[in-house]
Amino acid sequence: MNFFAIIGRVVLTLLAEIGRLSLFIWQSVSHVFRPPFFWRLVAQQMMRIGYFSLPVVALTAFFTGGALALQIYYGGNEFNSESIVATIVALGITRELGPVLGGLMVAGRVSAAIAAELGTMRVTEQIDALTTLSTNPYKYLVVPRVVAAVLTLPLLVFVADIIGIMGGFVVGTQTLDFNAGVYIKNTADFLKFDDVMSGLIKAGVFGFIIAIMGCFHGFNSKGGAQGVGRATTNAVVTASILILAANYVMTSLLFAN
Amino acid sequence: MSDAKIELRNVHKRFGSKVVLDGINLTVPKGQSLVVIGGSGTGKSVMIKCVLGIIRPDRGEIFVDGKNVLKMDSGQREAVLRKFGMLFQGAALFDSLAVWENVAFGLIQGRRMKRKAAKDIAIEKLAKVGLGPEVGELYPAELSGGMQKRVGLARAIAVDPEIIFFDEPTTGLDPITADVINELIVDRVKDLGATTLSITHDMSSVRKIADRVAMIYKGKIIWEGPREKIDDSGNDYVDQFIHGRAEGPIGMDVLKP
Ligand SMILES: Nc1ncnc2c1ncn2[C@@H]1O[C@H](COP(=O)(O)OP(=O)(O)OP(=O)(O)O)[C@@H](O)[C@H]1O
Ligand SMILES: [Mg+2]
């Protein structure tokens with residue numbers, strides 16, 4: 001087949017998909033601010049997205065903080081390591097690793113769950129049934145998930161920050177024999193509000209990506225169990241890639257000066 | 001026709017290269033019960049989904065109360081949808097909600113009714129389809145196929161809509177329950193003045209509920225007339241269908257490879 005025809009087709013498919021996604025996002029966001037509001041559903045989703053993701057996110061953060069401390073110690077200049085380890089762990093976790101790894105872990109859990117649930121609702125015509133019962137599916141299904149994810153991800157990442165720093169502290173004081181008081185002082189001296197804040201802003205954006213990708217692929221799934229399976233995989237893959245890409249963009253914007 | 005509640009004019013729909021609706025013309029007079037019969041896969045479900053706006057036709061016009069629904073914005077369309085109740089072929093119950101919440105859904109979400117009051121109505125509607133209040137507390141997955149169908153029916157009539165679509169209301173039911181359901185549909189039309197459009201393969205149901213009958217074949221309405229005329233329609237297709245004969249003008253595609 002003609003090489004250019006293949007390229008052309010790929011580009012066209014991609015553009016069509018981006019168009020459909022933009023439309024989907026527009027539909028969803030426009031319903032966020034228009035009544036009626038389903039507060040009960042938002043609370044329910046916050047529980048499912050936030051609370052039940054805590055163990056996964058906390059464990060990830062703890063081990064990452066510990067591993068980071070070891071790497072900095074082994075790779076760095078041992079002369080100055082005591083202050084460097086504490087500082088770099090704190091900055092690394094709050095600015096990058098907390099939000100990114102937290103986001104990726106939640107993407108795996110939550111994007112998949114949302115895509116599977118809405119995908120099943122799509123193929124069993126439950127989403128169509130909503131329309132016939134005077135309930136807008138965007139408002140009833142998408143908005144609560146998106147709002148809940150945008151609100152809970154920063155909270156989750158804040159917890160991850162604390163636990164990640166604790167992971168570094170435990171490894172630093174137990175394995176590397178640092179002085180606990182000095183470690184805490186170094187962390188507190190070098191960590192600024194902006195560092196934590198930048199991570200939490202990122203987390204909110206990642207929450208949006210996670211929920212939207214789950215909903216988008218769930219809404220557009222077709223063809224029974226296999227289609228739902230495909231939607232689930234696509235949701236996780238696209239959410240993860242978008243999180244990493246968005247993280248790069250936000251890092252370059254937030255830390256440009 | 002001035003008393004037309006619903007009117008389809010030259011409606012076309014294809015999926016890929018497969019033509020499903022090929023110029024449907026159909027009128028449902030106000031306060032009457034129209035039954036559409038036709039072979040499996042001839043596009044009956046697609047046709048009513050076009051009226052509900054779940055599927056967008058490629059060409060043609062659809063009028064509800066004289067207004068073209070295909071030209072409406074989403075707000076106007078939602079207002080029109082409030083007049084409708086719909087029983088889906090596969091029931092399409094919300095599996096995350098209890099049976100009574102399914103039935104009360106249109107009241108609680110669509111009409112903002114208090115849960116307590118809505119529950120009373122839901123239980124009353126369940127009784128109408130022969131299900132006791134204890135069924136209301138179960139989840140859809142705990143019901144038999146026929147029970148799910150009846151819950152779907154209760155949900156479709158819960159808000160006392162002006163227009164009700166029944167997609168195969170008696171399929172999967174025993175003959176006695178089927179008759180109860182037929183009576184229920186007749187009641188809707190007689191007592192509440194509802195306009196109904198039903199799809200069925202069940203000839204005893206046709207004879208019981210229809211004011212008018214239409215037959216769809218290869219994406220077109222090939223015959224339409226009052227119920228009394230169905231036995232001497234003078235149409236070979238209708239004759240073959242109502243007598244369930246394998247031989248006749250309607251060939252099964254499976255027979256010719
Ligand atoms: N979303 C869709 N995408 C692609 N094809 C579809 C879709 N929905 C329906 N079809 C096709 O349209 C045709 C008509 O389907 P429809 O469900 O309307 O049949 P039906 O007349 O209701 O049949 P039955 O009596 O078996 O319910 C079928 O051949 C089906 O494969
Ligand atoms: Mg059908």
Side-chain angles (χ1 to χ4, degrees), chain A residues 16 20 23-24 26-31 33-45 47-49 113-145 215 218-225 227-228, chain B residues 15-16 45-46 48-56 69 74-75 77-97 101-113 115 118 140-141 148 151-159 161 163-167:
Chain A
R20 287 200 305 153
L23 211 64
F24 186 84
W26 165 247
Q27 286 266 18
S28 311
V29 172
S30 71
H31 278 288
F33 304 104
R34 268 191 282 161
F37 305 110
F38 294 109
W39 297 117
R40 256 167 60 105
L41 295 176
V42 173
Q44 195 182 330
Q45 290 301 328
M47 195 73 183
R48 285 171 57 177
I49 296 172
I114 292 178
E117 187 183 5
L118 299 198
T120 307
M121 290 186 76
R122 165 61 77 201
V123 300
T124 55
E125 301 185 318
Q126 292 178 49
I127 295 185
D128 296 337
L130 276 178
T131 332
T132 66
L133 292 164
S134 322
T135 305
N136 187 302
Y138 287 93
K139 184 153 269 155
Y140 185 78
L141 296 173
V142 180
V143 169
R145 284 167 175 78
C215 292
F219 255 56
N220 288 307
S221 69
K222 42 179 162 288
V228 175
Chain B
F15 292 104
S45 297
V46 169
I48 52 180
K49 284 180 189 169
C50 284
V51 179
L52 291 167
I54 294 168
I55 293 175
R56 200 176 168 82
V69 289
S74 62
R77 185 173 265 283
E78 267 172 42
V80 169
L81 276 173
R82 286 180 171 274
K83 301 178 183 176
F84 283 88
M86 162 82 185
L87 166 65
F88 284 83
Q89 190 168 356
L93 302 178
F94 306 123
D95 39 32
S96 60
L97 300 178
E101 289 177 297
N102 264 283
V103 178
F105 195 92
L107 298 166
I108 296 174
Q109 306 296 352
R111 316 251 151 136
R112 317 261 101 208
M113 191 185 268
R115 287 172 70 82
Q148 290 183 1
V151 174
L153 195 69
R155 184 175 70 180
I157 62 173
V159 295
I163 307 166
I164 321 175
F165 290 174
F166 300 102
D167 198 345

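Proteins get letters first, then strands, A, B, ... in listed order; numbering begins at 1 in each. Bear in mind that the values here come from a model prediction, so they are computed numbers and not experimental data.
- Counting non-hydrogen atoms of neighbouring residues, nucleotides and ligands closer than 6.0 angstrom, the CZ atom of A:R40 reaches no more than 12 such neighbours.
- Distance OG1/A:T132 to CZ/B:F88: 4.5 Å, rounded to 0.5 Å.
- Within the 4.5 Å cutoff, side-chain heavy atoms of A:E125 are placed close to those of B:K49.
- Listed options B:G106, B:A92, B:P161 were ranked by heavy-atom pairs under 4.5 angstrom with chain A; first place goes to B:A92.
- The candidate from A:T124, A:D128, A:I127 with the greatest count of non-hydrogen atom pairs under 4.5 Å with chain B is A:D128.
- In terms of heavy-atom pairs under 4.5 angstrom with chain A, the leader among B:V159, B:D95, B:L81 is B:D95.
- Proximity to chain A (any heavy atom under 4.5 Å) is shown, for B:R77, by neither the backbone nor the side chain.
- Side-chain atoms of A:M121 and B:F94, non-hydrogen and from C-beta on, do get closer than 4.5 Å to each other.
- Looking at B:L97, only its side chain comes within 4.5 Å of chain A, counting heavy atoms on both sides.
- The interface of residues 133-144 of chain A with chain B, defined by heavy-atom distances below 4.5 Å, comprises A:L133, A:S134, A:T135, A:N136, A:Y140.
- No part of B:L107 comes within reach of chain A, as not one of its non-hydrogen atoms sits under 4.5 angstrom from that chain.
- Contacts between A:L130 and chain B at a heavy-atom distance below 4.5 Å involve backbone atoms as well as side-chain atoms.
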